[in-house]
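Remarks on the structure that follows.
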Amino acid sequence: MQFDNSNFSFTRFVAYFKMLWVERWRSNIVKVALLFGLCVVLMMWISFLVYPAAVGSEFYSNTRDEAEEPLFVCMSLLFLVGGCVLGSEMLKGARSKGERITMLTMPVTGFEKWLARWMMCVPLYIVAFLGCMYAADTLRVGVFSGLYPQLNVYYLNVFGFSWGSDGVSLLWLIYFYLTAIYVLGGVFFPRKAMLKTTAFTFVLFIVVELLQISLAVAFFISVSSEMLSVMKIFFWLSVPVLWGLSYWRMKELEVID
């Protein structure tokens, strides 16, 4: 039977996804264990700093968890860094010449290859992180609600943080936009993708900031809420564009040592 390289096959995609999962299950378990360990250490460390100080203070809140804000900031940074690192591994198992030949000659379409790797780097990472974070948070709540019953020790709510829905949505935008850049860099730079993408992103950030400052000084432009809304829409629309560029780049890969 002749292989059709133009149509998407769900059965073929699932088979390829399972193959990748079997190849990476050991490293994935190590990553999840490391992620859970980091969540536990950071949450316990922040809690040991915050709760004793709150007990000794006369101004602690009776309506919220005193550790909520530092925990949210710390977990957000860990979430972002982990997503960028994993996004840069889009070509994992296809960096050397032999690995590249195996990937390119696999009887699946280019979109199926890209989608399977993208699912491991983006959606499954979000699920794994939230699972590790709330498992660690369960330990935190259990330990510190017993040690400090006079304080409010609640589960961290990533969707209802006190910064408001706008602040949380902005953090999600930053996450998806930056990880989309690293997903593209993970395909565009076969080797040392993390380092090269970080350097490129830093230079791009400096250029954009200098351009914004120059425009603001030259035309006395003030940043209004409407302009911020337009910028948010632009960056949200840029995320699928960056994903699409990473797909087209993967389709054009060649066997280069």
Side-chain angles (χ1 to χ4, degrees), residues 16-17 19-39 42 74-104 106 110-133 171-208 235-236 238-257:
Y16 181 68
F17 183 85
M19 185 200 72
L20 288 179
W21 183 262
V22 170
E23 290 178 352
R24 303 180 183 185
W25 73 270
R26 288 186 179 86
S27 62
N28 288 338
I29 290 177
V30 172
K31 290 175 183 176
V32 171
L34 178 61
L35 186 60
F36 174 71
L38 286 172
C39 289
L42 291 173
C74 186
M75 290 298 103
S76 297
L77 291 175
L78 180 61
F79 181 54
L80 178 60
V81 172
C84 291
V85 171
L86 204 61
S88 66
E89 295 186 350
M90 278 288 286
L91 280 185
K92 181 181 179 181
R95 293 191 174 102
S96 67
K97 184 175 181 180
E99 293 172 341
R100 191 76 59 82
I101 292 175
T102 301
M103 188 194 77
L104 294 177
M106 189 68 61
F111 179 71
E112 290 163 359
K113 295 174 186 176
W114 177 86
L115 183 61
R117 292 170 179 270
W118 176 84
M119 286 190 64
M120 287 189 175
C121 294
V122 182
L124 286 184
Y125 168 72
I126 296 175
V127 174
F129 182 88
L130 292 177
C132 290
M133 187 191 74
L171 290 175
W172 279 104
L173 172 58
I174 294 172
Y175 166 77
F176 278 110
Y177 185 74
L178 280 181
T179 53
I181 291 177
Y182 277 86
V183 166
L184 177 59
V187 180
F188 195 84
F189 302 113
R191 298 181 181 178
K192 298 181 180 179
M194 184 69 186
L195 178 61
K196 293 179 180 179
T197 306
T198 301
F200 173 79
T201 304
F202 178 76
V203 172
L204 181 63
F205 174 78
I206 296 298
V207 171
V208 171
F235 284 114
W236 274 119
S238 299
V239 171
V241 172
L242 291 170
W243 288 341
L245 290 175
S246 68
Y247 162 63
W248 288 110
R249 171 61 180 169
M250 182 174 284
K251 281 186 63 178
E252 296 175 353
L253 285 176
E254 299 176 356
V255 181
I256 302 175
D257 193 6

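The figures that follow rest on heavy atoms only: side chains count, while hydrogens, waters and symmetry mates do not.
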Over all atoms of both residues, closest heavy-atom pair of [X] and [Y]:
X	Y	result
A116	L20	CB-CD1, 3.8 Å
G186	T197	N-OG1, 4.4 Å
K31	L86	NZ-CD1, 3.8 Å
C121	G87	CB-CA, 4.3 Å
S246	V183	OG-CG1, 3.7 Å
M250	K113	SD-C, 4.1 Å

Mutual orientation of the aromatic rings belonging to F176 and W236 [parallel < 30°, tilted 30-60°, perpendicular > 60°]: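 The arrangement is tilted - the two ring planes meet at 30° to 60°.
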F129 and Y125 aromatic ring geometry - parallel, tilted or perpendicular at 30°/60° bounds: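 The arrangement is tilted - the two ring planes meet at 30° to 60°.
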Partner set under ring-ring contact (aromatic ring centres under 6.0 Å, His included) for F235, not counting sequence neighbours: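 Only Y177 meet the ring-ring contact (aromatic ring centres under 6.0 Å, His included) criterion with F235.
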Side-chain touch L171/Y175, heavy atoms, less than 4.5 angstrom: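 Of all side-chain heavy-atom pairs linking Y175 with L171, none is under 4.5 Å.
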Any T201 side-chain heavy atom under 4.5 Å of L178 side chain: yes
Verdict with reasoning, W172 to F79, per ring pair (Phe, Tyr, Trp, His ring centres under 6.0 Å): CA-CA 10 Å; W172 279 104; F79 181 54; 5.6 Å; yes
Intermediate values then yes/no, side chain to side chain contact (heavy atoms under 4.5 Å, CB included), R117 and Y16: CA-CA 10 Å; R117 292 170 179 270; Y16 181 68; 3.7 Å; yes
Heavy-atom neighbours of F200 CZ exceed 12 at 6.0 Å: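 It does not: F200 CZ has 12 such atoms or fewer within range.
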Enclosure of F17 CZ (heavy-atom neighbours >12, cutoff 6.0 Å): yes
How far does [atom1] of [X] sit from [atom2] of [Y], to the nearest 0.5 angstrom?
X	Y	atom1	atom2	value
M133	L78	CE	CG	10.0 Å
M194	C84	CE	SG	6.0 Å
T179	L242	OG1	CG	9.5 Å
I181	T198	CD1	OG1	10.5 Å

Intermediate values then yes/no, side chain to side chain contact (heavy atoms under 4.5 Å, CB included), L245 and F188: CA-CA 9 Å; L245 290 175; F188 195 84; over 6 Å; no
Non-neighbouring partners of F36 that pass side-chain contact (heavy atoms from CB on, under 4.5 Å), sequence neighbours left out: V40, C132, A135, A136, L139
Backbone N/O of E89 and side chain of Y182: donor-acceptor pair under 3.5 Å: no
